[in-house]
Amino acid sequence: MNRPTVRREAEAKAPTTTKRMTMIEAIRDAHDVAMAADDRVVVYGEDVGYFGGVFRCTAGLQEKYGPTRCFDAPISEQGIVGTAIGMAAYGLRPVVEIQFADYMYPAYDQLVSEAARLRYRSAGDFTCPLVVRMPVGGGIFGAETHSQSPEALFTHVAGLKTVMPSNPYDAKGLLLAAIEDPDPVIFLEPKRVYNGPFDGHPDRPIVPWKNHRLAEVPTGHYVEPLGKAAVRRPGTAVTVVTYGTMVHVSLAAVSESGIDAEVIDLRTLLPLDLETITQSVQKTGRCVVVHEATLTSGFGAELVALIQRECFYHLEAPIFRVGGWDMPYPHVHEWNYFPGPERVGRALRAVVEAD
Amino acid sequence: MLDDEGRAVGPWAEEPKLSFDELREGLEHMVTLRIFDERMLLAQRQQKTSFYMQHLGEEAVSCAFRRALNDGDMNFPTYRQAGLLIAGGYPLLSMMNQIYANAGDPTHGRQLPVLYSAKDHGFFTLSGNLATQVPQAVGWAMASAIAGDTKIAAAWVGDGSTAEGDFYAGMVFASTYRPPVVINVVNNQWAISTFQGIAMGGSETFAHRGLGFGIPSLRVDGNDYLAVYAAARWAADRARNNLGPTLIEHVTYRAGAHSTSDDPSAYRPAGSGSAWPLGDPIARLKQHLIVSGEWSERTHAELIAKVTEHVIETQQKAEAIGTLHSGSRSSKKFMFEGVFEEMTPHLQRQRKEAGF
Ligand SMILES: Cc1ncc(C[n+]2csc(CCOP(=O)(O)OP(=O)(O)O)c2C)c(N)n1
């Protein structure tokens with residue numbers, strides 16, 4: 001058997017056609033493109049191989065690339081991440097799936113103490129180009145153990161990069177960037193928007209991605225660089241800084257409240273595109289930070305600290321945070337937990353009306 | 001294999017066999033490790049470094065195992081396998097620089113002493129968190145298999161640390177995918193103050209742990225250089241021939257303290273350290289060479305003198321570069337470097353703020 005090689009023709013060919021995809025399809029396509037271009041890319045996790053993952057993000061890959069490139073793993077998150085670190089140190093490019101972000105806790109030591117520090121502690125002797133994918137967030141009646149958003153647990157760890165796309169276009173481009181990144185990347189997939197954008201109203205069905213501009217995904221290879229935010233809606237009255245599912249909820253809140261807010265989708269939490277945030281807040285003078293994760297010590301606290309440092313003299317009102325309440329995700333009451341457009345709208349009004 | 005008189009007996013003594021030159025070299029590796037330990041322990045007492053862990057009594061395990069490995073194979077060690085480096089020809093100076101965290105420290109003064117990293121010598125960077133390296137070794141071996149490579153991996157874990165979940169996660173993956181890995185359990189009978197029975201529970205041996213996973217498992221006299229080599233060679237050949245993982249329990253005895261931070265007299269029967277259960281591995285190999293007519297007390301004394309001189313000379317070189325509290329140390333600029341391949345904007349900002 002031959003040593004794995006990188007075939008870069010795929011990269012040389014700029015994508016010319018696009019295809020409408022859901023986020024799940026875009027993620028699957030990113031795997032496909034990466035695996036075709038680079039033999040070093042290996043994909044595994046619980047139910048990932050034969051079945052294609054419980055959310056079907058890896059469906060068809062085993063058939064196409066064989067069981068040494070895409071395979072099922074034992075139910076052992078520390079084993080999945082631990083072995084992937086060894087593979088990455090060997091020189092492969094493992095992409096592993098943790099079935100739900102809620103199950104990364106058994107693997108947390110491997111992420112924090114090992115993956116994140118390998119380059120540093122070995123002074124570059126060993127590196128860890130690894131991607132750990134996991135579905136995050138609630139709104140699927142998953143109760144406390146299928147609903148969490150643990151991003152702050154990753155951004156707090158020196159040496160990990162943390163990404164959370166909000167749409168199919170970004171999901172594919174960012175995942176390809178993550179796979180090609182020389183460092184460990186935590187790739188968080190907001191599962192509520194896997195199949196379509198979502199306006200935060202649980203009583204309305206999820207709108208299929210079909211007619212959404214950002215579901216128009218280039219075929220072939222392209223990357224969206226890590227560390228670059230996107231302005232989803234320009235506005236002048238207030239800046240909403242958010243990511244993942246909450247991008248859609250915030251856009252709904254803006255349209256329902258009629259407030260001319262600028263909505264920033266961070267896309268990558270670390271490294272953070274502070275410049276885009278700063279430019280916007282210095283323009284609007286007001287800011288609301290929105291995330292689904294529990295509020296206390298959440299990533300929003302980091303954002304508020306940075307924004308006040310950069311924009312203090314431009315601020316015309318205190319920065320507000322909207323997040324999940326500080327409790328485990330409750331099953332039957334999950335829609336009371338979920339920060340919906342009504343709560344975001346309330347924060348927007350409070351900030352805009354403050355003197 | 002080595003009997004009380006120092007003769008090599010039994011079926012494992014036949015094949016594969018080490019030459020007397022190789023055995024003399026093995027003796028030199030073990031003697032080097034012991035003298036290195038003595039000097040570094042003393043250096044710690046003189047506050048030239050913060051901490052040290054010695055191998056006293058366990059020298060045969062890593063020194064003999066290294067012989068069964070080829071260039072390109074990878075060890076995922078824990079902290080009492082410096083013999084892998086010494087027997088692999090890694091410079092003593094680099095080890096001392098690491099212990100002193102001076103400007104010559106390959107890890108830029110980031111790591112606790114003895115947590116070495118030497119990729120080119122098949123030595124994975126050491127983690128302070130016990131047992132995390134077991135699934136990593138298995139993953140490295142899986143990668144080697146996926147790549148169609150013939151390199152093998154070796155995991156190292158202490159008897160106490162086999163109680164960690166990572167050990168079992170590694171065993172499950174090794175058992176499921178059958179990659180070319182040797183999982184070494186170094187049973188030195190103590191985990192700091194805790195006797196091996198606490199981690200072993202109701203099973204008879206640590207080797208038994210492997211059987212439940214369907215992993216062929218050996219229990220070897222870890223103080224017998226020849227036996228460790230024979231077992232290592234058997235397991236490494238199995239791995240290289242794609243016959244899958246092997247577990248080796250090396251039964252040895254930690255004759256010294258756990259580290260410079262503990263005192264075994266507080267938890268062990270008095271004198272048990274000097275009673276050398278299983279015998280001193282150096283004395284046993286020396287005896288074997290003497291009864292084979294290949295060594296003498298005089299050549300042994302010469303070896304010790306030669307090695308001592310070399311270790312002291314190297315130590316002087318290392319101390320000329322610096323020790324923990326004096327001389328040159330790794331540049332502060334390394335503090336902010338290497339968190340990521342490319343420094344992120346927030347780290348650039350923090351480095352500026354810190355002033356270096
Ligand atoms: C995860 C973790 N828990 C605890 C420790 C502290 N600790 C360091 S060494 C040690 C004992 C290990 O014993 P064993 O595995 O038998 O190895 P030995 O020291 O005997 O070689 C402990 C508890 C640690 N380093 N990592």
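A note on names: the letters A, B, ... follow the listed sequences, proteins ahead of strands, and every chain is numbered from 1. This structure is a prediction, so every number in the text was calculated from the model and none was measured.
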Check the pair B:S117 / A:D125 against side-chain contact (heavy atoms from CB on, under 4.5 Å), numbers first and verdict last.
CA-CA 7 Å; B:S117 177; A:D125 209 9; 3.1 Å; yes
Interface moiety of B:F123 toward chain A, non-hydrogen atoms closer than 4.5 Å:
backbone
Give a yes or no on this: more than 12 heavy atoms of other residues, nucleotides or ligands lie within 6.0 Å of atom CD of A:Q308.
yes
If you apply the rule side-chain contact (heavy atoms from CB on, under 4.5 Å), what do you find for A:T83 with B:Y177, and how did you get there?
CA-CA 11 Å; A:T83 51; B:Y177 301 108; over 6 Å; no
B:D71, CG atom: more than 12 neighbouring heavy atoms under 6.0 Å
no
Measure across B:M74 and A:F126 and return the closest heavy-atom pair with its distance rounded to 0.1 Å.
CE-CE2, 3.7 Å
Tell me, with the steps shown, if A:L306 and B:H346 meet side-chain contact (heavy atoms from CB on, under 4.5 Å).
CA-CA 10 Å; A:L306 290 170; B:H346 76 293; over 6 Å; no
Is it the case that the side chain of A:D183 and the backbone of B:F340 share a donor-acceptor pair, with hydrogens and angles ignored and the cut-off at 3.5 Å?
no
Do other residues, nucleotides or ligands put more than 12 heavy atoms under 6.0 Å from B:Q350 CD?
yes
When only heavy atoms count and the cut-off is under 4.5 Å, which of residues 124-142 of chain B reach chain A?
B:F124, B:T125, B:L126, B:S127, B:N129, B:T132, B:P135, B:Q136, B:V138, B:G139, B:W140, B:M142
Rounded to the nearest 0.5 Å, how far does CG of A:L226 lie from OG1 of B:T344?
11.5 Å
At a heavy-atom distance under 4.5 Å, which candidate from A:P94, A:S113, A:A73, A:S122 has the highest pair count against chain B?
A:S122
Using heavy-atom distances under 4.5 Å, tell me whether B:M335 contacts chain A through its side chain, its backbone, both, or neither.
both
Given heavy-atom pairs under 4.5 angstrom as the criterion, report whether the side chain, backbone, both or neither of A:P74 touches chain B.
both
Would the number of heavy atoms belonging to other residues, nucleotides or ligands and lying under 6.0 Å from CD of A:E275 be above 12?
no
How would you list, in number order, the residues of residues 91-112 of chain B that have a heavy atom less than 4.5 Å from chain A?
B:P106, B:T107, B:H108, B:R110, B:Q111
Please check if atom CG in B:L243 has more than 12 non-hydrogen atoms from other residues, nucleotides or ligands closer than 6.0 Å.
yes
Run the side-chain contact (heavy atoms from CB on, under 4.5 Å) check on B:D166 and A:Q110 step by step: do they pass?
CA-CA 9 Å; B:D166 289 277; A:Q110 287 286 349; 2.7 Å; yes
Do you know which two heavy atoms are closest between A:Q78 and B:G165, and how far apart they sit?
NE2-C, 3.5 Å
Counting heavy-atom pairs under 4.5 Å with chain B, which one of A:G159, A:P106, A:G227, A:S76 comes out on top?
A:G159
Calculate, to the nearest 0.5 Å, the distance between atoms CD1 and OH belonging to B:I146 and A:Y90 respectively.
9.5 Å
Does a salt bridge link A:E310 with B:R349, judged by any charged N lying under 4.0 Å from a carboxylate O?
yes
Chain B shares the most heavy-atom pairs under 4.5 Å, among A:A158, A:A116, A:G124, A:A89, with A:A89
Would one find more than 12 heavy atoms of other residues, nucleotides or ligands at under 6.0 Å from atom OH of A:Y50?
no
